[in-house]
Amino acid sequence: MTIDHAELSTEQVLKRDIPWETYMTTKLITGTCLQLLRRYDNRSESYRAQLLDDDGPAYVRVFVSILRDIHKEETVEYVLALIDEMLAANPKRARLFHDNSLSGEDTYNPFLRLLCDGNWFAQEKSCKILASIVSARPKSHDGVMANGGASNSKRTSATIDDVLKGLVDWLCVQLKRPSHPSRGIPTAINCLSTLLKEPVVRSSFVQADGVKLLVPLITPASTQQSIQLLYETCLCVWLLSYYEPAIEYLATSRTLPRLIDVVKSSTKEKVVRVVVLTFKNLLSKGTFGAQMVDLGLPQIVLSLKAQAWSDEDLLEALNQLDVGLKDKIKTLSSFDKYKQEVLLGHLDWSPMHKDVVFWRENISNFEENDFQILRVLMTILDTSSDPRALAVACFDLSQFIQHHAAGRIIVTDLKAKERVMKLMNHENAEVTKNALLCIQRLFLGAKYASFLQV
């Protein structure tokens, strides 16, 4: 692919003079085709609009048959540019491709073929056109042949599912290895943000492992182009937030922290709106609510509410999210909050650490997942450089030893003693104090440990 082909604009392509008469002489187009093209080609937009209003399906048939039968690059690009221009002027014209008079034609296949075999100009235009045509199809035709063709023509006519699968495959390839250095990814995201409204596209996109390709693109943006890309990426995530299998993936990736970074730094109303609507969708799903609370979203929502937004939908969504997060904080049990704090490594002296009732009521919860919480506390002792986190981890271990019947044995088996001993020489007084308390409890046992001063 030469870069000059990749940089072609629709305007440049439409300046070409295509030898339609020669194509008729060589029987590549019919006399009727030539007549229609002569009436349409190089005319004003208003004149073309009138022709399309009067005889739209006939022009669609001409364009599709040229793409099917003629393979000369300049001509293919020219016809794609004509279709692109026609749809850009009025997106509703995509419905013309589904007119009953075209039921014998396969209006999808030429574009699908160009997605795989064409140069970048052809790929980009075909992707855009296909996305428009597919989205405009009569919804009752799902699973039927393109344009309602009979199922016995299956060998020659692409089903809507084939088309959508072909499109999704191409879009995923663009997100991994773009055909064009600067336009490959924006083109793919733009089409996806249209196509993910389709349940079947959500399904094949998740099956193709496409969700993880979106996550790196969720990043604060400053230029006009990057803001548009970010907006369309967030639009894709919002559409996926309605689809359970995608939600499972979003939960295990870095999607939530990235969306929070975006909403904290973005001043673009449409970006903030689509992210806030995504949060609203995810709030009640799985552990999202707890994660949002831990990542400080309630405070961010308050500061967003204080800003002067003109969009009523955004203000309403912020209010709903605010109420939802407050409810979530109430319903999160103290052990859920504690667990989130430990799992995220954000240990601080929140009230529950020194609350005797908390330890008494929740001590058996520490046995979950083979003492997962204790193991994470050990990891914090090994890896954290935050004195506050180290001090709280030592203190929590001492509380566990005191309140669990087999606390000393379990903590000893987990090799806590060596780790805590190292911290007795720490430069921070808070760390050494709590390390000492933990070691004393380990050596003295529960009977005497209760006399130790906290």
Side-chain angles (χ1 to χ4, degrees), residues 9-11 13-14 33 36-37 39-68 77-112 114-115 122 124-149 157-161 163-164 166-167 171 186-202 228 231-232 235-236 238-239 270 274 313:
S9 71
T10 302
E11 291 71 28
V13 171
L14 289 174
C33 242
L36 287 164
L37 285 162
R39 285 168 65 196
Y40 190 89
D41 209 10
N42 299 315
R43 300 295 188 136
S44 70
E45 193 180 312
S46 56
Y47 186 79
R48 283 176 173 177
Q50 192 55 56
L51 292 177
L52 291 168
D53 286 345
D54 294 343
D55 220 358
Y59 284 96
V60 166
R61 177 181 277 115
V62 169
F63 297 151
V64 170
S65 66
I66 293 170
L67 292 177
R68 188 185 58 226
E77 289 168 354
Y78 188 83
V79 172
L80 288 170
L82 282 180
I83 300 172
D84 184 46
E85 188 186 55
M86 159 185 126
L87 295 175
N90 180 357
K92 290 190 175 143
R93 289 177 183 152
R95 293 179 196 158
L96 296 171
F97 286 79
H98 304 285
D99 191 81
N100 286 337
S101 65
L102 295 168
S103 59
E105 300 279 334
D106 184 351
T107 47
Y108 297 130
N109 226 7
F111 302 106
L112 259 187
L114 288 165
L115 265 189
E124 186 177 30
K125 292 289 177 259
S126 296
C127 169
K128 214 171 141 190
I129 293 163
L130 257 184
S132 300
I133 299 174
V134 163
S135 302
R137 75 189 186 284
K139 289 302 180 247
S140 58
H141 283 192
D142 272 12
V144 190
M145 304 312 298
N147 297 320
S157 189
T159 67
I160 187 66
D161 285 354
V163 176
L164 292 171
L167 258 173
L171 293 167
T187 298
I189 291 291
N190 177 263
C191 283
L192 262 176
S193 65
T194 305
L195 289 169
L196 281 169
K197 297 179 181 115
E198 306 263 349
V200 63
V201 172
R202 290 176 196 171
Q228 187 57 26
Y231 168 66
E232 288 174 356
L235 195 55
C236 290
W238 172 65
L239 289 165
K270 65 180 183 180
V274 77
D313 290 346

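These numbers were taken from a predicted model, which means no experiment stands behind them.
Taking the side chain as every heavy atom from C-beta outward, E105 and R61 approach each other to under 4.5 Å. The closest side-chain heavy-atom distance from C191 to L130 is not below 4.5 Å. Under the 4.5 Å side-chain criterion, counting only non-hydrogen atoms from C-beta, F97 is in contact with V64. Side-chain contact between L37 and I66: present, with at least one pair of heavy atoms (C-beta onward) separated by less than 4.5 Å. At a threshold of 4.5 Å between non-hydrogen side-chain atoms, the residues Q50 and R43 do not count as touching. Contact of the K128 side chain with the T187 side chain is not registered, since no non-hydrogen atoms from C-beta on lie closer than 4.5 Å. Between K125 and L114, the closest side-chain pair of non-hydrogen atoms is not below 4.5 Å.
Atom-to-atom distance recorded for N109:CG and L67:CG is 11.5 Å, nearest 0.5 angstrom. In this structure, L171 CG and I189 CD1 are separated by 8.5 Å, a value rounded to the nearest 0.5 Å. Atom CD in E77 sits 12.5 Å away from atom CG in D84 (nearest 0.5 Å). Separation of atoms CG (L164) and CZ (R202) is listed at 12.5 Å; rounding is to 0.5 Å. The distance from the CD atom of E124 to the CD1 atom of I129 is 10.5 Å, given to the nearest 0.5 Å. With rounding to the nearest 0.5 angstrom, the OG1 atom of T10 is 11.5 Å from the CD1 atom of I83.
The minimum heavy-atom distance between P57 and L102, with the atom names listed, is O-CD2, 3.8 Å. Between A136 and R95, the closest heavy-atom pair is CB-N, 4.0 Å. Here the shortest heavy-atom pairing between S193 and L239 reads O-CD1, 3.5 Å. Across L80 and A122, no two heavy atoms sit closer than the pair CD1-CA, 3.6 Å. The nearest pair of heavy atoms linking V13 to A81 is CG1-CB, 3.9 Å.
Between the R93 side chain and the L87 main chain, no donor and acceptor come within less than 3.5 Å of each other. Between the side chain of H98 and the backbone N or O of I133 there is at least one donor-acceptor pair closer than 3.5 Å. When atom types are taken as modelled, the side chain of R39 and the backbone of L36 share no donor-acceptor pair closer than 3.5 angstrom.
In summary, the side chains of D99 and S101 do present a donor paired with an acceptor at a separation below 3.5 Å, with no hydrogens or angles considered.
Ring geometry for Y40 versus Y59: interplanar angle of 30 to 60°, hence tilted.
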*List the steps, then state whether side-chain contact (heavy atoms from CB on, under 4.5 Å) holds for E11 with E85.*
CA-CA 9 Å; E11 291 71 28; E85 188 186 55; over 6 Å; no
*Show your reasoning for whether side-chain contact (heavy atoms from CB on, under 4.5 Å) applies to R48 and L82.*
CA-CA 11 Å; R48 283 176 173 177; L82 282 180; 3.7 Å; yes
*Yes or no on side-chain contact (heavy atoms from CB on, under 4.5 Å) for V163 and F111, after CA distance, side-chain angles and deciding distance?*
CA-CA 9 Å; V163 176; F111 302 106; over 6 Å; no
